[in-house]
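Please read the structure below before turning to the comments.
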Amino acid sequence: MTSQIQNTPSSEQIRRAPKVLLHDHLDGGLRPGTIVELAQETGYSGLPETDPDKLGVWFREAADSGSLERYLETFAHTCAVMQTREALVRVAAECAEDLAEDGVVYAEVRYAPEQHLETGLTLEEVVEAVNEGFREGERRARDNGHRIRVGALLTAMRHAARALEIAELANRYRDLGVVGFDIAGAEAGFPPTRHLDAFEYLKRENNHFTIHAGEAFGLPSIWQALQWCGADRLGHGVRIIDDIQVAADGSVKLGRLASYVRDKRVPLELCPSSNLQTGAADSYAEHPIGLLRRLHFRATVNTDNRLMSGTSMSREFEHLVEAFGYSLDDMQWFSVNAMKSAFIPFDERLAMINDVIKPGYAELKSEWLFQQTASTSGSLREQG
Ligand SMILES: O=c1[nH]cnc2c1ncn2[C@@H]1O[C@H](CO)[C@@H](O)[C@H]1O
Ligand SMILES: [Zn+2]
């Protein structure tokens, strides 16, 4: 008798599995059709394509440059159409809807309020519009039979000088839809310590933050983010692999920083497809997530920019299932890791894990028991 337990989840099961997303950019996840419509409505004439399908392809190809700096240039077009209250509400609502449709039950979505002030909105108006959109998207998702909770992370751009102001904004909107803070943008030449005042302020306020580090630039960036800035999580952090040596016999040696990251359970917001595009990894099969998962780092799976990578949480998991043979148990492990690392209160994280995530996977894992197979059809002939 061979086991009927299905080890490889189907695409459909991957989509239905409860997933948790900690690293997704609002301005990196617009629907191409929405960009085209908003450009028409707001009079933005700079789009490289006006057919939604072609525009989607354009974003993926332009982002596929092998360089983080060139990848980031594509955001000029999405930010250009996100300059009014209505546009921000719409984009945020569609974001929550799309994630829910994809089986995401909890998401922290980030954006940089300072990039949405071109037509006169204030920072507060930007935050309130996005929050309103997330609530609207949660409601629409519920009406369609999906449950999702979305929290906002406010990002400051690391080349700019508004980090303290944005950190204060995040603190003011704490408990009002904003769950934390982040810095993003080009990494090389802009170390996180430039924004130490913002991080120190947030620590004094007992608030939470993540830092994009260890993506385009390696260990010094991760070290600064953790040991100078005190980041709760690492945005990417994938270059921690540079501090791990695997010998020919398979034995593994962690350097001091990699040990610290693993020992302290520092969450890594890994984004496989994005890393392939910016050149931080060469293929899914070679992506460090395989080793980091084996070594029990606090690894999580994320989309980064769904538009630029033509991806979704389900797509990311599909790639990983194919590359590493992951099962539903592995998916649950990543999802529980992510939920443990979220910035909402502990009791809510625990309830999400015990009452939403684990039951969701248990349901999927038990499906094989109820499948009609030849051996249960009652016919002697089919017993073989
Ligand atoms: O992977 C990334 N690394 C660094 N910065 C990024 C990445 N993806 C997006 N952004 C930057 O974050 C801003 C706010 O969402 C985006 O406008 C983009 O410039
Ligand atoms: Zn990112």
Side-chain angles (χ1 to χ4, degrees), residues 21-30 35 59-60 62-83 87-88 91-92 95 107-118 123 126-127 130 134 151-160 162-163 166 169-170 178 180-192 194-195 209-218 221-222 225 231 233-239 267-281 287 300-311 313 316 338:
L21 174 51
L22 300 178
H23 191 134
D24 186 83
H25 292 258
L26 184 67
D27 52 333
L30 289 79
I35 302 175
F59 272 105
R60 289 199 293 281
D64 217 0
S65 57
S67 128
L68 177 61
E69 284 73 12
R70 302 238 320 270
Y71 177 92
L72 294 177
E73 286 170 14
T74 60
F75 288 81
H77 299 295
T78 53
C79 288
V81 301
M82 295 169 71
Q83 300 297 335
L88 289 167
V91 169
C95 167
E108 291 178 3
V109 178
R110 62 190 75 195
Y111 63 98
E114 67 200 67
Q115 298 191 127
H116 305 280
L117 308 176
E118 280 169 25
L123 290 171
V126 171
V127 173
V130 173
F134 285 150
L153 298 178
L154 301 191
T155 293
M157 299 307 293
R158 54 204 310 160
H159 60 266
R162 299 186 80 156
I166 303 303
L169 188 69
V178 173
F181 174 80
D182 162 56
I183 58 167
E187 195 171 358
F190 300 102
R194 272 172 55 107
H195 307 291
F209 56 94
T210 176
I211 295 182
H212 273 77
E215 176 187 17
F217 201 68
S221 180
I222 295 178
R233 308 195 304 233
L234 292 171
H236 294 280
V238 62
R239 297 309 332 154
L268 303 174
E269 305 164 359
L270 301 169
C271 310
S273 291
S274 169
N275 291 163
L276 262 54
Q277 288 183 297
T278 60
H287 194 281
T300 69
V301 175
N302 300 273
T303 47
D304 208 8
N305 298 292
R306 286 169 288 119
L307 170 69
M308 286 71 180
S309 299
T311 196
M313 274 302 268
E316 292 303 302

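Just so you know, residue 1 is the first one in the sequence shown, and it goes up from there. Computed from a predicted model, the values in this text were never measured in an experiment. Counting starts at 1 for both ligands and their atoms, in listed order.
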Q | Option from R233, E269, E108 for which side chain to side chain donor-acceptor pair (under 3.5 Å) with H23 holds | A | E269
Q: Hey, can you tell me if H25 and H212 have their rings parallel, tilted or perpendicular (30° and 60° cut-offs)?
A: tilted
Q.
Strictly distance-based, threshold 3.5 Å: is any side-chain N or O of T78 a donor or acceptor partner for the main-chain N or O of D27?
A. yes
Q. Is the closest basic N to carboxylate O distance between R239 and E187 below 4.0 Å?
A. no
Q | Under 2.8 Å from the Zn ion (ligand 2), the protein N, O or S atoms, given as residue and atom | A | H23 NE2, H25 NE2, H212 NE2, D304 OD1
(Q) Taking the basic N atoms (NZ, or NE/NH1/NH2) and the acidic carboxylate oxygens, is any pair closer than 4.0 Å for E114 and R162? (A) no
Q | L153 vs T210 side-chain heavy atoms within contact, under 4.5 Å | A | yes
Q. Knowing that exactly one of D304, T303, N305 qualifies, which makes a side chain to side chain donor-acceptor pair (under 3.5 Å) with S274?
A. D304
**Q.** Amino acids in close contact with ligand 1, where any non-hydrogen atom sits under 4.0 angstrom away
**A.** H25, D27, L68, L72, F75, Y111, A112, Q115, M157, A184, G185, H212, E215, H236, D304, N305
Q) Can you tell if the side chain of Q115 reaches within under 4.5 Å of the side chain of F75, non-hydrogen atoms only? A) no
**Q.** Carboxylate-amine/guanidinium contact E316 R306, below 4.0 Å
**A.** no
